[in-house]
**Student:** 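Below are the structure tokens for one structure; questions will follow.
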Amino acid sequence: MGFSSCLKPFKFPKPAMETITVVEEEEFSTDPNWLDLPRDVTAMILHKLGVIEILLNAQNVCREWRKICKDPSMWRTIEITTAHNSYYFFYDLEKMFFHAVRLSCGHVKSIAIEFLVGSDSFVIYDPDSPDYLHHIDMPIPNPDVLQRLTYTATPSSAMWNSTPFR
Amino acid sequence: MAEKASESSNSISLNTVDGKIFKVSPTIANQMQTIQSLIKAYDSSRVISLPHVNAFHLSKIIEYLEGKSATTVSAVKEFEAQFMKDLSLKQLKGLLIAVGYLKVNELLELMPKTVAKLIENKSVEFLRKFFGIVNDFTPSEEAKIREEIAWAFDGVDED
């Protein structure tokens with residue numbers, strides 16, 4: 001009997017993911033409505049989330065957001081680096097990378113990745129627009145060392161740069 | 001503001017949806033693209049009505065445009081951080097809509113970044129709740145999405 005007072009359930013500290021400081025429940029439904037945001041402003045917000053979060057979360061929220069995330073203009077820069085994405089190593093980054101490249105429909109102008117891509121060459125293309133065909137060779141100087149790769153494309157040339165990734 | 005004779009001669013009057021009139025300098029007005037094009041279209045002595053912007057939002061935008069002209073980069077950064085911190089979520093939403101309508105480019109860069117920070121690493125469910133979005137995918141579309149998400153983790157467990 002007397003024990004019950006000391007049998008307080010142990011409370012685990014809440015994981016960081018759960019702590020939502022700024023957003024409070026009652027504020028979710030108050031006016032004005034987020035849906036009144038112009039589409040391009042919504043696109044700007046989603047763009048800032050980074051590749052992994054767009055692919056896993058944002059594009060799966062509703063049809064409107066899916067449309068926004070499918071727009072090649074969302075994919076002019078593809079950055080999958082530790083600086084742009086947390087929880088980075090949980091995912092198959094190579095698959096995500098190629099998925100993002102496909103979504104860009106050949107409009108990708110800049111790529112920065114910090115992981116190895118299995119093949120040393122690949123094609124960025126838009127099947128409907130042969131003008132956008134790029135064949136990318138990725139010379140990796142030392143394949144044993146993880147490289148940080150950056151790619152920039154201009155109308156006349158495309159080039160890769162690689163620097164060792166710490 | 002209106003007392004300055006030299007300023008008020010070429011200042012631009014903006015009328016918010018709740019009936020407040022703001023006089024702003026051309027330098028400030030021109031940083032709102034929508035107003036800039038309205039000034040070009042009409043003669044600048046006319047009061048410009050803003051049907052989608054209330055006094056609070058406009059005063060915030062003016063406060064930002066005046067404040068960010070600080071001298072050093074770090075002072076601007078500090079000002080911007082404080083500016084965003086002072087806004088409640090409800091104010092943030094309303095202001096973002098106003099900023100989107102008035103096309104204030106610098107705030108259109110800053111504010112989406114702030115919102116993105118709030119929804120970073122959050123689940124699909126959280127995003128729906130946060131933005132008040134109803135899931136409008138059909139069951140078959142949902143199934144396809146689940147399949148799609150599965151590929152993201154494929155191969156990770158192999159070794």
Side-chain angles (χ1 to χ4, degrees), chain A residues 15-66 84-100 118, chain B residues 52 54 57 84-85 87-101 103 105 107-138 141-142 144-146 148-158:
Chain A
M17 292 274 284
E18 296 277 303
T19 51
I20 305 151
T21 43
V22 192
V23 186
E24 274 160 32
E25 193 71 27
E26 61 269 23
E27 287 207 69
F28 276 133
S29 53
T30 47
D31 280 349
N33 197 318
W34 282 109
L35 297 173
D36 294 335
L37 272 189
R39 195 179 175 166
D40 51 340
V41 178
T42 307
M44 283 180 206
I45 296 171
L46 302 186
H47 190 254
K48 303 245 181 284
L49 286 175
V51 174
I52 294 178
E53 287 200 45
I54 294 174
L55 292 182
L56 289 183
N57 300 325
Q59 69 161 353
N60 302 327
V61 165
C62 64
R63 289 185 156 170
E64 173 69 8
W65 282 29
R66 194 161 189 90
H84 289 89
N85 301 276
S86 27
Y87 306 106
Y88 175 79
F89 290 108
F90 290 122
Y91 309 115
D92 188 329
L93 300 176
E94 189 179 331
K95 275 187 188 164
M96 288 201 166
F97 170 64
F98 282 115
H99 193 78
Chain B
H52 303 290
N54 70 26
H57 297 141
M84 294 310 308
K85 227 168 130 188
L87 294 169
S88 73
L89 185 66
K90 191 180 165 188
Q91 291 170 339
L92 182 69
K93 285 187 209 178
L95 187 58
L96 195 48
I97 293 168
V99 161
Y101 169 71
K103 300 204 176 93
N105 286 338
L107 279 171
L108 275 178
E109 179 59 31
L110 177 68
M111 296 188 72
K113 225 186 271 172
T114 310
V115 178
K117 277 260 174 307
L118 294 176
I119 58 171
E120 233 171 23
N121 299 318
K122 297 287 193 278
S123 67
V124 173
E125 270 315 313
F126 180 94
L127 295 178
R128 283 186 190 135
K129 213 170 158 199
F130 183 92
F131 287 93
I133 293 174
V134 177
N135 176 9
D136 58 356
F137 289 118
T138 64
E141 282 170 331
E142 286 242 287
K144 228 178 121 191
I145 288 169
R146 266 194 299 274
E148 240 183 59
I149 292 176
W151 63 247
F153 297 93
D154 268 5
V156 172
D157 297 332
E158 271 170 24

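Numbered from 1 within each chain, the chains take letters A, B, ... in sequence-line order. Every value quoted in this text rests on a predicted model; they were computed, and no experiment measured them.
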**Student:** With respect to chain A, which residue among B/L96, B/N135, B/V99 yields the maximal number of heavy-atom pairs within a distance under 4.5 Å?
**Tutor:**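 The option with the most such pairs is B/L96.
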**Student:** What part of B/E141 is in contact with chain A, defined as an atom under 4.5 angstrom from a non-hydrogen atom: side chain, backbone, both or neither?
**Tutor:** side chain
**Student:** Out of B/E142, B/K117, B/E109, which one racks up the most heavy-atom pairs below 4.5 Å with chain A?
**Tutor:** B/E109
**Student:** Find the distance between CG (B/L127) and CG (A/L46) and round it off to the nearest 0.5 Å.
**Tutor:** 8.5 Å
**Student:** Where is the tightest heavy-atom contact between B/P112 and B/L107, given as atom of each residue plus distance?
**Tutor:**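 For B/P112 versus B/L107, the nearest heavy atoms are CD-O, 3.6 Å.
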**Student:** Provide the closest heavy-atom pair for A/A100 versus A/V51 in the form atom of the first, atom of the second, distance.
**Tutor:** CB-CG1, 4.1 Å
**Student:** Give the C-alpha distance, both sets of side-chain angles, the deciding distance and a yes or no for salt bridge (Lys or Arg N to Asp or Glu O under 4.0 Å) between A/K48 and A/E53.
**Tutor:** CA-CA 9 Å; A/K48 303 245 181 284; A/E53 287 200 45; over 6 Å; no
**Student:** Determine the option with the most heavy-atom pairs under 4.5 angstrom with chain B, choosing from A/M44, A/R63, A/H47.
**Tutor:**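 Most heavy-atom pairs within the cutoff with chain B belong to A/R63.
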**Student:** In terms of heavy-atom pairs under 4.5 Å, which option from A/T42, A/N57, A/D40 contacts chain B the most?
**Tutor:** A/N57
**Student:** Identify the heavy atoms of B/F126 and B/L118 that sit nearest to each other, and give their distance.
**Tutor:**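 Shortest heavy-atom separation between B/F126 and B/L118 comes out as CE2-O, 4.3 Å.
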**Student:** Using non-hydrogen atoms and a 4.5 Å limit, figure out which bit of B/V134 sits close to chain A: side chain, backbone, both or neither.
**Tutor:**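 Only the backbone of B/V134 comes within 4.5 Å of chain A.
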